[in-house]
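Each remark here refers to the structure printed beneath this line.
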Amino acid sequence: MEFGYIKVAALSPKIKVADPKHNGEIMIQHIKEAAAQGASVIVFPELCITGYSCGDLFLQELLLEEAKWQLFSIAEQTAQVDAVIFAGLPLAYKDKLYNTAAVLHRGRVLGIVPKTFLPNYAEFYEARHFTPGMQRTVPVTLREGVAVPMGTDQIFVCDTMPSIRIAVELCEDVWAPNPPSIRHALAGADLIVNLSASDEVTGKDVYRRDLIAGQSARLVCGYIYANASDGESTQDVVYSGHSLIAENGIVLEESERFTNQPVYTELDMHKLTAERRRMSTFIQSGAEDYTITHFTLARSKTKLTRFVDPAPFVPGRKADRDKRCEEILAIQAMGLKKRLEHTGCECAVVGISGGLDSTLALLVTVRAFDLLGISRGQIVAVTMPGFGTTDRTYENAVHLIQCLGADLREISICDAVHVHFRDIRQDQDNHDVTYENSQARERTQILMDIANQLNGLVVGTGDMSELALGWATYNGDHMSMYGVNASVPKTLVRHLVRYFADTCGDTALAEVLLDVLDTPVSPELLPPKDGRISQKTEDIVGPYELHDFFLYEILRFGFAPDKVLHLAQLAFADTYDKETILKWLHVFYRRFFSQQFKRSCLPDGPKVGTVAMSPRGDLRMPSDASMRIWMDAVEKLAQEAAAKDLG
């Protein structure tokens, strides 16, 4: 349960219909195997102790009594297992029969949860045997001296990890228009378990997957769905054992159908808590009507087997990535289109360096002009060679502008900056921050003044990663009249440009774009060495792939430095060692806090993803907030790592 992770399991054993003794024995075996895998929450399918497909045999008293005794046998023989277990069985109460889930923990039955919605259509006829469950709990005597609460409105809370609050629904409950899990979540449950017996027909697996993913997203919860397997009767239908585990809209793991495959993964309960905390519309209520039952789990480290994405802003599958790129380009272009329409501007001014960000900004501007039906010749693309400009970036800038049909203007900034150096008494051989920023501010001045001349609009080029690190000159390249890249991280900028290269259908343009992609990221403010770029951004501020990872985990979920480090070590295990990750994590926090003043006065720009930094939208952060507790936490991690190395 370290860092809020808990290992869970959805099991679909091959049972025998109407043979509780056999089923109990095989369930005990599966529980012990799951516990050996480290599972703390174990979920079996609906009516697993007897089998879901018993039909009128559910009316046989012997079957019901044997199912109850097998429940106690399972509990007793798994008393040493450090897990909470959910097992399905038919249970008689006051001359009525209920389809229930029993909750077991360390030899005890903690509670019984009955099914709310009984399907009685098509191949289902549950109302023939069962009664819908009661919401408010009632005491049910399972055997002499053993009474437990029975009712749908129960939450099982882990005292040793309070963020684990579990509620139950059974199969059809989640398919109904108003699933019980909705009120469970509003009462505080953040993990829903579903004991199911959903038979298989063509296409149903896709619907089932979408249903579980969607419910976990709507409720901002973890969702474990354990489905009945091919041990059930095939008299009229077939069961595939299609089990799923989802977290806030993402299916983390699912079983291959028709295999009885157990499903394991880890749920991030801290992430779910952070997401609910962030969503002001997720208002919890109604918990006072619930029966709360407490249990404990041993505090132990949970070894992660789930994938930790080193590029959280970039979809892994090409088809998804292409779709994301097209969507983002459309958002950027539509944002600029609206701004041009509103201001009446039919001219845009863009500074083109031959680097990634300005290339993307020009591509977006071209799209916006095409949408408006305005000639691309009204786009004034200005290349402004300076002291650090190399032939490669200059030529790429020129060729890019020419390929896109924009109005190319070349204005060297060298003479103007030399005059400025003279005016402020700056030694031109002193390559300090003044030397660099004077060039950036001169370029912004040129762009703004050309825009004034032409009644145009300056399109900004800076990306979100640069804004997070403050890697932008105040009142220089972080200023524009509309910043189209303001919420696009650097790792995604690369893919947007590559997508354009792959889909533009213009060989000459594609060649330029590919060479831009192959060029080291640099502000080119220091003189080249032997004609090559001497100032590489990632050598100074660190790898953007790390910083984008930090940015996502810190801003999207509010994770503390120790968890960010832990996740980064897993995500970049084959790329960076712990010392390197800590070094750049320290840099990230320092720059992120110290540079907020630059983000507090950002120009308008479109939000494209779940993480953004507009001071009017997603990041209402004071410019003078103290970074002390975060820096102390990172330094403590570094000290612990150093001590471990010495030890």
Please walk me through it: do R218 and I182 pass side-chain contact (heavy atoms from CB on, under 4.5 Å)?
CA-CA 9 Å; R218 183 181 188 183; I182 295 176; 3.7 Å; yes
Result of checking M384, E410, E524 against Y394 for side chain to side chain contact (heavy atoms under 4.5 Å, CB included)
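The side chain to side chain contact (heavy atoms under 4.5 Å, CB included) with Y394 is passed solely by E410 among M384, E410, E524.
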Here's a test for you: under side chain to side chain contact (heavy atoms under 4.5 Å, CB included), which of V314, V516, L360, L356 qualifies with R494?
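The option that passes is L356.
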Determine whether a donor-acceptor pair (N or O, by modelled atom type, separation under 3.5 Å) exists between the side chain of [X] and the backbone of [Y].
X: E466; Y: A472; result: no
X: R498; Y: L517; result: no
X: T389; Y: G386; result: yes
X: Q596; Y: M621; result: yes

Do the ring planes of F313 and Y552 sit parallel (below 30°), tilted (30 to 60°) or perpendicular (above 60°)?
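Perpendicular: the ring planes of F313 and Y552 meet at over 60°.
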Could you tell me how the ring of Y544 sits relative to the ring of H547: parallel (under 30°), tilted (30 to 60°) or perpendicular (over 60°)?
perpendicular
Any side-chain donor paired with an acceptor under 3.5 Å for Q439 and E442?
no
Is a side-chain donor-acceptor pair under 3.5 Å present for S163 with T273?
no
Given the side-chain rings of [X] and [Y], with only the six-membered ring counted for Trp, is the space between their centroids under 6.0 Å?
X: F592; Y: F550; answer: no
X: Y474; Y: H478; answer: yes
X: H418; Y: F387; answer: yes
X: F557; Y: F559; answer: yes

Might you work through the salt bridge (charged side-chain N to carboxylate O under 4.0 Å, His left out) test for E545 and K490, ending with a clear yes or no?
CA-CA 8 Å; E545 61 180 351; K490 185 75 77 176; over 6 Å; no
Could you tell me if K563 sits above the aromatic ring of Y5, with its cationic atom closer than 6.0 Å to the ring centre and no more than 45 degrees from the axis?
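Yes, K563 lies over the aromatic ring of Y5.
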